[in-house]
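Because the structure is predicted, anything quoted here is derived from the model rather than measured. Quick note on labels: first sequence line is chain A, next is B, and so on, each numbered from 1.
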Amino acid sequence: MAGRASVQGGKRGFALPQVPKLLVYVVGFIPAVWLFYAGITDQLGADPMRYLEQALGLWALRFLIATLAITPLRQLFSINLLRYRRAIGLLAFYYALLHLITYMVLDQGLDFAAIGADIVKRPYITIGMATFVILVPLALTSNNAAIRRMGGQAWAKLHRLVYIAAIGAALHFILVVKSWPAEPLIYGAIVAVLLGYRLVRSLGRRPEPRRRTA
Amino acid sequence: MLIRRPSDILPSEITPREVYLTRRQWMAGAAGLALAAALPEGLEAAPLPAAKSPFSTDEKLTSREDVTSYNNFYEFGVDKSDPARNAKTLKTSPWTVKIDGLVGKPQEIGVEDLIKESTLEERIYRMRCVEGWSMVIPWVGFPLADLIKRAEPLGSAKYIAFETANRPDEMSGLRSFLPVLDWPYREGLRLDEAMHPLTILAVGLYGETLPNQNGAPIRLVVPWKYGFKGIKSITRISFVEKQPQTAWNMQAPNEYGFYANVNPSVDHPRWSQATERRIGEGGLFAKRRQTLMFNGYAEQVASLYNGMDLRKYY
């Protein structure tokens, strides 16, 4: 299974120490714990809500990017982190959830009329919300039971939705800022490279299996 | 022009002088401490004595710390903490402002002379950023109208155009690989807006000369408009016949209009302008406030826009 592939990587000289997956969650949640602590103790600057909201969203995007980086790292550099991908993907979901809760509760004060109007009228919020909705089924099926129940192929097909989520998350970031500052564009470029890599690879490979089946 | 004062401030409500002075002393002390910690050597803020003004609001001031560490000044970076970090490289003395265009007396004025020759007032104004946050800031300055009269505008002058210093050597944001705006920063006002007594040129903040990050040594403050209209570190003021180009309008004309009057019922295309967060109010759990028409200055300025479709002229 996935975990064993990294041993192979080890043989090629990339001996990555295996760490418990729990550690990925523990480390992954450090930013969230720090942010909430700093927010409550007034260490997030003049506009703490905005800082918290943006930082949680940014961490969601970072973890999303990290999950997308795992396949190219394995294929191009024989670095196998596949056994941590589920944990990293779930961290992306948890951060997106915290980001959404912060927006609804702290930013909008649970004013559902205003939230509804935002979702309908503001493209960046429409996109952000759609991205979150896409992540929900992926998070719910991120367990071995779901893979067994769905079958590997159907499961993999469903989880390709993460590509759409990554595009949505990057767009959501780019659309929220004024003008074209570098940071969201850099994140957008990273997502574009990671998805472009897959596109190029799939285009290059497509003819082969067809010949075999013929 | 008949200028009405806000009816909501009664003389009896204005803080008694003794109380005010004590508060001032305390604030000056606190500000001094904050300043000593925050400012690099050689950039000491000088005190600026100023008279009180009936145009001031009595709302709770945003702390000096927040006013001077959280703002937009894209010439020094796009993050709101960048100006406080990077703006000390700007050389603000000597500094001259060039006044040209359709005026009887084109001139270059040194800011120090301008301060000496002006009657400075403290104006405590609400400041509403187009991004949806607000502050209450005790500016020190003088009416822009005073300067306009000095220049003796010709009858053909209908608008005033402003320009910020454009000094890549001293302004790190101007050296960035992807220019955020088409520099120099430009702003403009209709002549009647510029002549309005609420419109000031600020040279100070919290009783002292402006810190660089807030637009030293001289900046525009138009309290009923979104903050980006308040152009900073002004080097040129031109009197023109046609509506001048303005930096944010050039960047995204559908998002930032020339007028940019605070208006809760005209949304930014990407976000609502109905509410705002008051900086320093309640921390993480602060509630949003309703944004007021013309940022609460409707009584004084609404007549400037009689008959105008404010959805069209946003």
### Query
Taking every heavy-atom pair that is under 4.5 Å apart, which of A/Asp111, A/Ile125, A/Leu44, A/Leu175 has the most such pairs with chain B?
A/Leu175
### Summary
Whatever's closer than 4.5 Å to a heavy atom in chain B on A/Asp47 counts as both
### Message
Centroid separation under 6.0 Å, is that true for the rings of B/Trp248 and B/Tyr74?
### Response
yes
### Query
Who among A/Lys121, A/Glu183, A/Arg122 has the most heavy-atom pairs with chain B under 4.5 Å?
A/Arg122
### Query
Looking at B/Asp66, B/Thr62, B/Asn72, which has the largest count of heavy-atom pairs under 4.5 Å with chain A?
B/Asp66
### Query
Looking at B/Glu131, B/Lys80, B/Glu255, which one has more heavy-atom pairs under 4.5 Å with chain A than the rest?
B/Glu131
#### Entry: B/Arg288 bridged to A/Asp107 by N-O distance under 4.0 Å
yes
### Summary
Under 4.5 Å to a heavy atom of chain A? For B/Ala286 that would be backbone
### Message
Using 30° and 60° as the class boundaries, would you call the ring planes of B/Phe73 and B/Phe76 parallel, tilted or perpendicular?
### Response
perpendicular
### Task
Against chain A, label B/Asp79 side chain, backbone, both or neither, depending on which of its atoms sit under 4.5 Å from a heavy atom there.
neither
### Message
Could you check, using the six-membered ring where one of them is a Trp, whether B/Tyr314 and B/Tyr259 have ring centers closer than 6.0 angstrom?
### Response
no
### Chi angles and distances behind the ring pair (Phe, Tyr, Trp, His ring centres under 6.0 Å) call for A/Phe132, A/Phe93
CA-CA 8 Å; A/Phe132 180 75; A/Phe93 172 76; 5.6 Å; yes
### Under-4.0 Å salt bridge between B/Glu187 and B/Lys229
yes
### Query
Of all of A/Pro48, A/Pro181, A/Pro123, A/Ala114, which one pairs up most often with chain B through heavy atoms under 4.5 Å apart?
A/Pro48
### Message
So does B/Arg126 get a backbone contact from the side chain of B/Tyr297, meaning a donor-acceptor N/O pair under 3.5 Å?
### Response
yes
### Summary
Among A/Arg50, A/Lys178, A/Gln108, the residue with the most heavy-atom pairs under 4.5 Å to chain B is A/Lys178
### N-O pairing of B/Glu59 and B/Arg278 below 4.0 Å
yes
### Query
With distance as the sole test, does B/Arg186 use its side chain to make a donor-acceptor pair with the main-chain N or O of B/Pro184 at under 3.5 Å?
yes
### Task
Answer with yes or no after comparing the ring centroid distance for B/Tyr256 and B/His268 against a 6.0 Å cut-off, counting only values under it.
yes
### Summary
Looking only at A/Asp42, A/Leu106, A/Val105, most heavy-atom pairs under 4.5 Å shared with chain B are made by A/Leu106
### Message
Under 4.5 Å from any heavy atom of chain A, what part of B/Leu178 do you find: side chain, backbone, both or neither?
### Response
side chain
### Engaged part of B/Trp133 at the chain A interface, taking heavy atoms whose separation is under 4.5 Å
side chain
#### Entry: Contacting moiety of B/Val180, where chain A heavy atoms sit under 4.5 Å
both
### Summary
The interface call for B/Arg277 against chain A, heavy-atom contacts under 4.5 Å, is side chain
### Query
Can you say whether B/Val67 sits under 4.5 Å from chain A via the side chain, the backbone, both, or neither, judging by heavy atoms?
neither
### Query
Which bit of B/Ser272 comes within less than 4.5 Å of chain A, counting heavy atoms only: side chain, backbone, both or neither?
both
